[in-house]
Participant: 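This is the structure I want to talk about, given as structure tokens.
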Amino acid sequence: MAEPKYQIHARHTDSTVIVYQAYGPEIGLPAAREGRFPAVWQRDRMTWNKPRS
């Protein structure tokens, strides 16, 4: 079976879900190195996953 193109990686407890977001090297490497997002990162491009009620 082929690996899916899109995947969601998460961890959970009874009260919390943590979802991991992958970024390309131009964003991810500076963010990991400096502890903050670089100027090329755009807040308005974020995707919010909302649980169903």
Side-chain angles (χ1 to χ4, degrees):
M1 180 183 288
E3 187 170 315
K5 182 175 180 180
Y6 300 104
Q7 298 181 34
I8 296 175
H9 294 263
R11 292 183 182 217
H12 66 89
T13 68
D14 289 340
S15 62
T16 306
V17 176
I18 300 171
V19 178
Y20 296 90
Q21 172 68 53
Y23 292 96
E26 68 280 357
I27 294 174
L29 293 174
R33 182 176 56 245
E34 299 166 19
R36 60 187 176 89
F37 286 109
V40 296
W41 179 77
Q42 298 174 356
R43 179 179 296 274
D44 61 342
R45 298 269 317 190
M46 290 176 42
T47 299
W48 294 96
N49 293 308
K50 298 173 186 70
R52 293 182 180 186
S53 305

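Sequence positions, counted from 1, serve as the residue numbers for this chain.
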Participant: Taking all heavy atoms of Pro30 and all of Pro25, pick out the closest pair and write down the distance.
Facilitator: CD-O, 3.4 Å

Participant: Tyr23 and Gly28: which non-hydrogen atoms are nearest, and at how many Å?
Facilitator: CB-N, 3.8 Å

Participant: Looking at Val17 and Ala10, what are the two nearest heavy atoms and their distance?
Facilitator: CG1-CB, 4.4 Å

